[in-house]
Trainee: 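Before we start, here is the structure in question, set down as C-alpha cells.
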Amino acid sequence: MTAKKEKFYITTPIFYVNDKAHLGHAYTVIVSDIIARWHRLRGDDVFFLTGTDEHGEKIVKAAEEKREDVKAFVEKLAGTYKSCWKSLNISNDDFIRTTEKRHEDVVFKFIEAMGKNGDLYKGEYEGWYCVPDETFFTDLQLKDGRCPVCGREVQRLKEESYFFRLSKYQNRLLEYYDNNREFLSPNFRSTEIINRVKGGLKDLSITRKSVKWGIPFPIDRRHSIYVWVEALINYLSALGWHSEKEELFWPADVHMVGKEINWFHSVIWPAMLFSAGLEPPKKVFAHGWWTVDGQKMSKSVGNVVDPIAMSGKYSVDALRYFLVREIPLGDDGDFSEKALGLRLNNELAADLGNLAYRVLSIAEKFDGSIGGEPELEASLEMEKIVDDMQALNLSGAIETVWRYIKACNKYVNDKKPWELKGKELSNVLYNLLESLRIISILISPFMPDTSEKLNLQLGVGHGTLKDAKFGTFNGKIKKGEYLFRKIEP
RNA sequence: AGCGAGGUAGGGUAGCCUGGAGUGCCCGCCGGGCUCAUAACCCGGAGAUCGGAGGUUCAAAUCCUCUUCUCGCUACCA
C-alpha cells in the first residue's frame, strides 16, 4: 500500500438548462456519485464535478417562450438542478455553470492556446438554415428536407465561421486509443469510435456569428464560441487554468456521459486538449439510455420520469439501487415502477431489510459480550467487488454484495440462533453483526441513507474500505425501524 | 447503405475473449423446511435441442463461414 493518496477526478456532463432534470440526467449523476463515493471510501482524494450548460439559441428561445429574462431563466433552472441533485444525495464537490466568469476565463485561455498552436482558421460554414428558428441544420438533421423543429422550408446558407483543425489529430487520436485501451468505454463502443475516426475527420466549425447568447470568440469578438466546444471546457474551468487544482486533478479519471454525446467526449475533446497542450482524460464512459415501460422517454408521449417524484414515492435509495442494479453500466434499460417495486420488495426489504431486522432482534435481547470466530468471512467475495468497482461494473459489484447478504440469511437459518445461548449464540451474533457492519460499508456508495440508518442501529461509526473485514464488534445495538418497507404491488 | 451491438427455460440475464457435461443468477410457477424476522428467510423441483444452417475439433452457447431477426449510431443534434 502506498502512503500517498491517489487522486480521482470524475465528471458528469453539464446539463443543458432548457428544462428540468429527468430520469436520464439523474442516472448519469447517480452513477457518477456512486463511483465518487466508492473512491472516497478507498481513501482517495476525490473531485466530483457536475454543472449546467447555459448558453445557446435554444435556451434563449426557451426563456422567450416563458417570457422570462434569459439570465433569470438560466439562474432558476441551474437552481432546480442543484436542488434535484441535493435531494438525490449527490455528493458533488463543485457545480460549474458556463455563465460563470471562471468558466469564461478558462475558455479564453484554452482557445488562445489552440490558436497559438495554429489549429484555428477562418472559413465558411455551410448548412441548411431555418430563418424563423435561426438555426443551422445538417443534411441528416432535416426532416423530409424541412426544418426538423418547425417543419418549415430551409435554405442553403453560408456563414463565416472559425474552424478547428480536427483532421490534424486523426492519427494522434488513433494512437492514443491504441495505447489506452481503457479510454473508450464500455469496450463495445470502442470499435465504433475507432472505425469512424479511421474513416477520416472533418474540421470542426467552432464559432457562430448568429448566436449572441454565448462566450465571445477571443480571436474575433464578432463571433461567439459554439456551445459544444465551449461546454467541453467546463471540465477544466472548474479546476482553473494551470492552477494548483489542475496540477493535482487533471487529467480527469472518468468522464461519465450518455452514449449520445460519446463522440464529443471521445474524439473532439481529446483532440482539443492535444491542441491546447493538455493531457486527454483517462476514460470516457458512455452509458446507455432508459426507456419507460418499453417506450422511449419523451415529452410528447408524456412519459418523462421525474426522479424527484420517484424518489419521494419509493425513497432515494430505492431509486438509486434500482437504477444501478437493473442493468450493467453501459447497456440500455427499461424503467418501470413495477420493476422498481419488485426489487424494493424482494431485495431491499426481504433480503437486506429483513436480515438486519431479524439479526438485530436477536442481538438486542442478548446480554453477553459479542465475540467469536469469523465463519462468514469466506462467503464475502471482496476481491470481486473491488475489481468490479474498479472496472465500473457497478451492477456486478452490488450483485456480489447481495450474494453475501443471501449467504448471511442462510447462515441464520442454518445456525438457528433462536435455539442457542451463551458462547454459541455470541459467536453467531458476532458473525452476523460484523457482516452487517461490513455490508453497511459496501452499500454506502450506492445507498448512503440506508448505510447511515444501519450504522445507527448497529451503533457503529462510518467505516472505510479498510474496515470492511472481520474484526472486533464494538457496536451498541439499538434496533430501529425497518430499513425498507414493502409496498403494495 | 455503412459501421456497431444483440438473439441462452414463461420473462429478464450471466457465461462467450482464454472451447471441456447446459453451468449460474433474478422474477414467476410447484412442493417442502423454519418460526428470530417485513405472509419475510432457507431447501428442493419442473422448465432451454443456447435464433437457423454449415464448418473446425476428441469436444462448440463459446472459434470460423453463411443466413435470419431485433436494436443502436452515422459528427457540429445537450
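Order of the sequence lines fixes the chain letters, A, B, ..., with proteins taken first and strands second; residue numbering starts at 1 for each chain.
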Trainee: Going by modelled atom types, is there a donor-acceptor pair between the base of B/C41 and the side chain of A/Asn413 at under 3.5 Å?
Mentor: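 Yes.
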
Trainee: Do A/Glu54 and A/Tyr16 get their side chains close enough for a donor-acceptor pair, meaning under 3.5 Å?
Mentor: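 Distance-only check fails for A/Glu54 and A/Tyr16.
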
Trainee: Can you check the A/Lys410 NZ to B/C36 C1' distance for me, whole Å?
Mentor: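 Between C1' of B/C36 and NZ of A/Lys410: 17 Å.
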
Trainee: By the 4.0 Å heavy-atom rule, please label A/Leu204 as base, sugar-phosphate, or nothing.
Mentor: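 Base: the residue A/Leu204, judged by heavy atoms under 4.0 Å, touches a nucleobase.
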
Trainee: For B/A46, what is the paired nucleotide under Watson-Crick or G-U wobble rules, both distances under 3.5 Å?
Mentor: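 Per the H-bond distance test, none.
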
Trainee: Tell me which nucleotide among B/C36, B/A40, B/C42 gets nearest to the side chain of A/Ala350.
Mentor: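 Nearest nucleotide to the side chain: B/A40.
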
Trainee: Which parts of residues 477-486 of chain A get close to RNA chain B, meaning a heavy atom less than 4.0 angstrom away?
Mentor: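 Only A/Tyr482, A/Leu483, A/Phe484, A/Lys486 qualify.
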
Trainee: Using the C1' atom as the reference point in each nucleotide, state the distance between B/C41 and B/G22 in Å, no decimals.
Mentor: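 The answer is 29 Å between these two C1' atoms.
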
Trainee: Whom does B/C17 pair with, Watson-Crick or G-U wobble, provided both distances fall under 3.5 Å?
Mentor: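 Across all strands, not a single nucleotide pairs with B/C17.
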
Trainee: May I ask you to check whether A/Tyr27 and A/His287 place their ring centers less than 6.0 Å from one another?
Mentor: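 Distance test on ring centres: under 6.0 Å, yes.
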
Trainee: A/Tyr162 and A/Tyr121: aromatic ring centres closer than 6.0 Å?
Mentor: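 Centroid distance A/Tyr162-A/Tyr121: not below 6.0 Å, so no.
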
Trainee: Could you identify the nucleotide paired to B/G6, looking across every strand shown and requiring Watson-Crick or G-U wobble geometry with both distances under 3.5 Å?
Mentor: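 Pairing partner, where one exists within any strand: B/C69.
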
Trainee: With a 3.5 Å cut-off and no angle check, do the side chains of A/Tyr430 and A/Glu375 form a donor-acceptor pair?
Mentor: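 Distance-only check fails for A/Tyr430 and A/Glu375.
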
Trainee: Does A/Asp203 reach a base, just sugar-phosphate, or nothing at all? Heavy atoms under 4.0 Å.
Mentor: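 The answer is base, as A/Asp203 lies within the cut-off (heavy atoms under 4.0 Å) of a base atom.
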
Trainee: Is the distance from OP1 or OP2 of B/C77 to the nearest side-chain N or O of A/Tyr226 less than 4.0 Å?
Mentor: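 For B/C77, OP1/OP2 do have a side-chain N/O of A/Tyr226 under 4.0 Å.
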
Trainee: Which pairs count as salt bridge (Lys or Arg N to Asp or Glu O under 4.0 Å) when at least one residue sits in residues 262-271 of chain A, sequence neighbours excluded?
Mentor: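 Found none.
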
Trainee: Given atom CH2 of A/Trp289 and atom C1' of B/G72, what is their separation to the nearest angstrom?
Mentor: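 The distance from CH2 of A/Trp289 to C1' of B/G72 comes to 11 Å, rounded to the nearest Å.
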
Trainee: Can you name the residues that form a side chain to side chain donor-acceptor pair (under 3.5 Å) with A/Arg403, not counting sequence neighbours?
Mentor: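 For A/Arg403 the side chain to side chain donor-acceptor pair (under 3.5 Å) partners, ignoring immediate neighbours, are A/Glu381, A/Thr400.
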
Trainee: Atom CD1 of A/Ile206 to atom C1' of B/C76: distance rounded to whole Å?
Mentor: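 One finds 11 Å between C1' of B/C76 and CD1 of A/Ile206, rounded.
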
Trainee: Pick the nucleotide of RNA chain B nearest each of A/Lys259 and A/Tyr16; which residue has the one closer to the 5' end?
Mentor: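 Closer to the 5' end of RNA chain B: A/Lys259.
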
Trainee: If you measure from the C1' atom in B/G54 to the same atom in B/U68, how many Å do you get, rounded?
Mentor: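 That atom pair is separated by 15 Å.
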
Trainee: Between A/Val359 and A/Arg325, name the one whose nearest nucleotide on RNA chain B is closer to the 5' end.
Mentor: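 Whichever sits nearer the 5' end wins; that is A/Arg325.
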
Trainee: Can you tell me the distance, in whole Å, between the NZ atom of A/Lys416 and the C1' atom of B/A37?
Mentor: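 So the two atoms are 15 Å apart, to the nearest Å.
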
Trainee: Over all strands shown, is A/Gly200 touching base, sugar-phosphate only, or nothing at heavy-atom distances under 4.0 angstrom?
Mentor: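 Contact class for A/Gly200: base.
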
Trainee: Where the side chain of A/Glu260 is defined as all heavy atoms beyond and including C-beta, which of B/C36, B/A78, B/U35 is the nearest nucleotide?
Mentor: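 It is B/A78.
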
Trainee: Measure CG/A/Asn409 against P/B/C41 and give the value in whole Å, please.
Mentor: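 That distance rounds to 7 Å.
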
Trainee: For B/C34, give its Watson-Crick or G-U wobble partner with both distances under 3.5 Å, or none.
Mentor: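 Checking every strand shown, B/C34 finds no partner, since no pair has both distances under 3.5 Å.
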
Trainee: Could you work out the separation of B/G47 and B/A9 based on their C1' atoms and round it to a whole Å?
Mentor: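 To the nearest whole Å, 5 Å.
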
Trainee: Across all strands, who's sitting opposite B/C63 as a Watson-Crick or G-U wobble pair, both distances under 3.5 Å?
Mentor: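 Across any shown strand, B/C63 pairs with B/G55.
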
Trainee: Side chain of A/Ser361 only, heavy atoms from C-beta on: which candidate in B/C36, B/A75, B/C42 is closest?
Mentor: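 Taking heavy atoms from C-beta onward, the closest nucleotide is B/C36.
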
Trainee: Nearest whole Å is fine: how far is B/A40 C1' from A/Leu344 CG?
Mentor: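 Going from A/Leu344 (CG) to B/A40 (C1'), I get 14 Å.
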
Trainee: So if I take every side-chain heavy atom of A/Trp418 and compare against B/A37, B/U35, B/A75, which nucleotide ends up nearest?
Mentor: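 Nearest nucleotide to the side chain: B/U35.
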
Trainee: A/Arg208 has a side chain; which of B/A78, B/C76, B/A75 sits nearest to it?
Mentor: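 Out of B/A78, B/C76, B/A75, the nucleotide with an atom closest to A/Arg208's side chain is B/C76.
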
Trainee: Not counting sequence neighbours, which residues clear side chain to side chain donor-acceptor pair (under 3.5 Å) with A/Asp306? List them please.
Mentor: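 A/Asp306 satisfies side chain to side chain donor-acceptor pair (under 3.5 Å) with no other residue.
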
Trainee: Mind checking if A/Asn346 touches a base, just sugar-phosphate, or nothing, with heavy atoms under 4.0 Å?
Mentor: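 The residue A/Asn346 makes sugar-phosphate contact but no base contact.
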
Trainee: Indicate yes or no: at least one non-hydrogen side-chain atom of A/Val304 is less than 4.5 angstrom from one of A/Val292.
Mentor: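 SC-SC contact between A/Val304 and A/Val292 ruled out.
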
Trainee: Would you measure the distance from the C1' atom in B/C58 across to the matching atom in B/A53 and give it in whole Å?
Mentor: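 Comparing C1' positions in B/C58 and B/A53 gives a spacing of 23 Å.
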
Trainee: Taking the six-membered ring for Trp, are A/Phe110 and A/Trp269 closer than 6.0 Å centroid to centroid?
Mentor: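 For A/Phe110 and A/Trp269, the ring centres are under 6.0 Å apart.
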
Trainee: Expressed in angstrom and rounded to an integer, what is the separation of A/Ile193 atom CD1 from B/C73 atom P?
Mentor: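 A/Ile193 atom CD1 is separated from B/C73 atom P by 13 Å.
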
Trainee: Within the 4.0 Å heavy-atom criterion, would you say A/Leu201 contacts the bases, only the backbone, or no part of the nucleic acid?
Mentor: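 Here A/Leu201 touches the bases of the nucleic acid.
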
Trainee: Quick one: is the NZ or CZ of A/Lys66 closer than 6.0 Å to the six-membered ring centre of A/Phe73, and within 45° of its axis?
Mentor: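 Output no; distance or angle outside limits.
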
Trainee: Give the rounded distance in Å between these two atoms: CD of A/Glu347 and C1' of B/U38.
Mentor: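 Taking CD of A/Glu347 and C1' of B/U38, I get 15 Å after rounding.
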
Trainee: Counting Watson-Crick and G-U wobble pairs only, both distances under 3.5 Å, name the nucleotide matched with B/U74, or none.
Mentor: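 Matched B/U74 with B/A1 under the 3.5 Å cut-off.
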
Trainee: For A/Lys406, report the nucleic acid contact type (base, sugar-phosphate, nothing); a contact means any heavy atom under 4.0 Å.
Mentor: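 Sugar-phosphate contact only - A/Lys406 comes under 4.0 Å of backbone atoms but never of a base.
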
Trainee: Looking only at atom C1', what distance separates B/A78 and B/G52, rounded to whole Å?
Mentor: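 Looking at atom C1' only, B/A78 and B/G52 are 42 Å apart.
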
Trainee: Is A/Glu424 atom CD crowded by more than 12 heavy atoms from other residues, nucleotides or ligands, each under 6.0 Å away?
Mentor: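 12 or below, so no.
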
Trainee: Is the cationic atom of A/Lys20 (NZ for Lys, CZ for Arg) positioned less than 6.0 Å from the six-membered ring centroid of A/Tyr81 and within 45 degrees of its normal?
Mentor: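 No.
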
Trainee: Taking only residues at least two apart or on different chains, which pairs with a member in residues 332-354 of chain A satisfy ring pair (Phe, Tyr, Trp, His ring centres under 6.0 Å)?
Mentor: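 Residue pairs passing ring pair (Phe, Tyr, Trp, His ring centres under 6.0 Å), neighbours aside: A/Phe322-A/Phe335.
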
Trainee: For B/G44 versus B/C3, give the span between their C1' atoms, rounded off to a whole number of Å.
Mentor: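 Their C1' atoms lie roughly 49 Å apart.
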
Trainee: For A/Asp332, answer base if it contacts any base atom (sugar-phosphate contacts may also be present), sugar-phosphate if it contacts only those atoms, and nothing otherwise; contact means non-hydrogen atoms under 4.0 Å.
Mentor: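 Touches nothing.
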
Trainee: Going 5' to 3' through nucleotides 1-13 of chain B, assign each nucleotide B (protein heavy atom under 4.0 Å from a base atom), S (under 4.0 Å only from sugar-phosphate atoms) or - (no protein heavy atom that close).
Mentor: --SSS--------

Trainee: What distance, rounded to whole Å, do you find between the two P atoms, one in B/A5 and one in B/C64?
Mentor: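 Their P atoms lie roughly 12 Å apart.
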
Trainee: Go through B/A40, B/A78, B/C36 for me and flag the one nearest to the A/Asn354 side chain.
Mentor: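 My answer, after comparing the listed nucleotides, is B/A40.
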
Trainee: Checking all strands, does A/Ala349 fall into the base, sugar-phosphate, or nothing category for heavy-atom contacts under 4.0 angstrom?
Mentor: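 Since a base atom lies under 4.0 Å of A/Ala349, the category is base.
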
Trainee: Using atom C1' in both nucleotides, what's the gap between B/A75 and B/G19 to the nearest angstrom?
Mentor: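 That atom pair is separated by 41 Å.
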
